[in-house]
Protein chains: 2
Amino acid sequence: MLTIGTLAKRTGTKVQTIRYYEQIGLMPEPGRTDGGQRRYGDAELDRLAFIRHSRQLGFPLDAIRELLDLSDAPDRPCHEADEIARRQLKLVEQRMERLKALHSELKRMVKECSGGNAAQCRVLEVLRDHSECLTEHDQIGA
Amino acid sequence: MLTIGTLAKRTGTKVQTIRYYEQIGLMPEPGRTDGGQRRYGDAELDRLAFIRHSRQLGFPLDAIRELLDLSDAPDRPCHEADEIARRQLKLVEQRMERLKALHSELKRMVKECSGGNAAQCRVLEVLRDHSECLTEHDQIGA
DNA sequence: TTACACCCTCTAGCTACTGTAGGTTCAAGT
DNA sequence: ACTTGAACCTACAGTAGCTAGAGGGTGTAA
């Protein structure tokens, strides 16, 4: 029987986060001691590890919920999981594209800064002047 | 004199977002008509464009605040702006590294899925088995 | 004057947690 | 049996950066 703290340590999760996952129904309500403290078994450890690994790969919690459902129903066809993973892959590729563009613009900004005062600063100038910019009016957050 | 909607259209910002920027002190309180509607001039347009461009480059609002302060004080030395930009560049580079790792793991997952049912699904298996994983216990969010 | 697009404030919601306050329980040592 | 102290509990607020909705007022052109 594992305490929540042990579970946290073993999976690299914060205790609060585990309670949060329980609250939103991603982790099941575990058994409790007479005093009301949570006690977990190995199934919960596995489930949490699955969640954390998925999060590390950038899957949103909703997607993880679907993946867990699939994982709990071994007879269902696999293509749903595949689709979710492909979607995530696409997202990652998009973000990489955006980051590449940002990277070159930032690099240019920094390279051209010669260290005078703000009036001549290339960094500020580039930020001011949108017309030199390669990136589009689209979503932010990289 | 520009309405908030015009400002929004010209900078690719939502009206709500402009009001939000005003609320947190990033945009100044503009003049108002007798009826209480906001009216802007060109200075505000420039300022908002600066903010949006900076956001597109991934700068957090706090950093943008500093950059705006610098931009308003042309005599201050430039290295602060340079430093902020370098910090941002570093962050972008870190994210790119992470994304690259995620990308290869996701690709592997997807490639190996042969389309059976959930019990044999490579995607789920990889998510379950942390030991095959290249990425570390570190921050998420890519 | 009458549409009607646009504007206003205020509040709540989003993701995925994280932190704090104030109190309780468990396990080990004496 | 008792005491200590780490770890646990609930509940609520806060983070970033917006976004959406309700319920109502304003500006302008026909």
Side-chain angles (χ1 to χ4, degrees), chain A residues 1-27 29-40 44 48 50-68 87-88 91 95 137-142, chain B residues 1-27 29-40 44 48 50-68 88 91 95 98 137-142:
Chain A
M1 284 301 163
L2 309 163
T3 64
I4 196 170
T6 311
L7 207 65
K9 236 167 265 164
R10 294 251 193 107
T11 57
T13 316
K14 302 231 158 143
V15 167
Q16 317 278 60
T17 305
I18 299 174
R19 290 200 276 250
Y20 169 71
Y21 287 159
E22 181 183 329
Q23 198 185 298
I24 62 169
L26 211 57
M27 287 291 288
E29 289 184 24
R32 303 267 186 156
T33 62
D34 289 350
Q37 298 195 354
R38 291 168 179 81
R39 287 299 122 97
Y40 296 93
E44 281 98 338
L48 185 54
F50 185 104
I51 296 171
R52 294 312 287 178
H53 191 192
S54 304
R55 287 293 297 130
Q56 275 161 17
L57 289 170
F59 288 94
L61 294 180
D62 276 0
I64 297 173
R65 217 185 285 271
E66 287 182 70
L67 290 166
L68 281 166
R87 207 188 306 147
Q88 182 59 21
L91 267 177
R95 276 187 220 155
H137 277 304
D138 53 10
Q139 81 277 22
I140 291 168
Chain B
M1 285 301 163
L2 309 163
T3 63
I4 197 171
T6 312
L7 207 65
K9 235 166 265 165
R10 294 250 194 108
T11 57
T13 315
K14 303 230 160 146
V15 167
Q16 320 276 60
T17 305
I18 299 173
R19 290 201 276 251
Y20 170 71
Y21 287 159
E22 181 183 327
Q23 198 185 297
I24 62 169
L26 211 57
M27 287 291 287
E29 290 183 23
R32 302 265 186 157
T33 62
D34 290 349
Q37 298 194 357
R38 290 167 180 82
R39 287 301 122 96
Y40 295 93
E44 282 97 338
L48 185 54
F50 185 105
I51 295 171
R52 294 311 287 178
H53 191 193
S54 304
R55 287 295 296 131
Q56 275 162 15
L57 290 169
F59 289 95
L61 292 180
D62 277 359
I64 296 173
R65 218 184 284 272
E66 287 182 70
L67 289 167
L68 281 167
Q88 182 59 20
L91 268 177
R95 277 188 219 154
R98 268 195 67 72
H137 277 304
D138 52 11
Q139 80 277 21
I140 291 167

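Reminder, nothing fancy here: chain letters follow the sequence lines and each chain counts from 1.
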* C:dC17 C1' sits how many Å from A:Ile24 CD1, rounded? -> 9 Å
* Structure fact -> In whole angstroms, the gap separating C1' of C:dT9 from CD of B:Glu29 amounts to 14 Å
* Send over the distance from A:Gln23 CD to C:dT18 P, rounded to a whole Å. => 14 Å
* Asked: Is a donor on one side and an acceptor on the other found under 3.5 Å between the side chain of A:Thr6 and the backbone of A:Leu2?
  -> no
* Asked: In B/S/- notation, 5' to 3', how is nucleotides 1-8 of chain D contacted by protein heavy atoms closer than 4.0 Å?
  -> -------S
* Asked: With no hydrogens and no angle check, is any side-chain donor or acceptor of B:Arg52 less than 3.5 Å from a backbone partner on B:Gln56?
  -> no
* Any B:Arg65 side-chain nitrogen or oxygen under 4.0 Å from OP1 or OP2 of D:dA16 -> no
* Lys/Arg N to Asp/Glu carboxylate O, B:Glu29 vs B:Arg38, below 4.0 Å -> no
* CG of A:Leu26 versus P of C:dT15: gap in Å, rounded? -> 13 Å
* Proximity to the side chain of B:Thr33 - top-ranked nucleotide from D:dC18, D:dC9, D:dG27 -> D:dG27
* Structure fact -> When rounded to whole Å, the OH to C1' distance for the pair A:Tyr40 and D:dC9 reads 12 Å
* Asked: Would you say A:Ser54's side chain and A:Phe50's backbone share a donor-acceptor pair under 3.5 angstrom?
  -> yes
* Would you mind telling me which residue lines up with the more 5' stretch of DNA chain D, B:Pro60 or B:Asp34, judged by nearest nucleotide? => B:Pro60
* Asked: Between A:Glu44 and A:Pro30, is there a donor-acceptor pair closer than 3.5 Å when you use the side chain of the first and the backbone of the second?
  -> no
* Apply side-chain hydrogen bond (donor to acceptor under 3.5 Å, both in side chains) to the pair A:Arg10 and A:Tyr40, showing each step before the final yes or no. => CA-CA 12 Å; A:Arg10 294 251 193 107; A:Tyr40 296 93; over 6 Å; no
* Round to the nearest Å and state the distance from B:Arg55 atom CZ to D:dA16 atom P. => 11 Å
* To do: Starting at atom OH of B:Tyr20, determine the distance to atom C1' of C:dG13, rounded to an integer number of angstrom.
  => 14 Å
* Within the distance-only criterion (no hydrogens, no angle test), does the side chain of B:Arg19 pair as donor or acceptor with the backbone N or O of B:Gln23 below 3.5 angstrom? -> no
* Asked: Any N or O donor-acceptor pair linking the side chain of A:Gln16 to the base of C:dT20 at under 3.5 Å?
  -> yes
* To do: Using only side-chain N and O atoms of B:Tyr21, determine if any of them is under 4.0 Å from OP1 or OP2 of D:dC18.
  => yes
* **Nearest-Å distance for atom pair CD1/P, residues A:Ile18 and D:dT10** => 13 Å
* Asked: Taking only side-chain nitrogens and oxygens of B:Lys14, does any of them come within less than 4.0 Å of OP1 or OP2 of D:dA20?
  -> yes
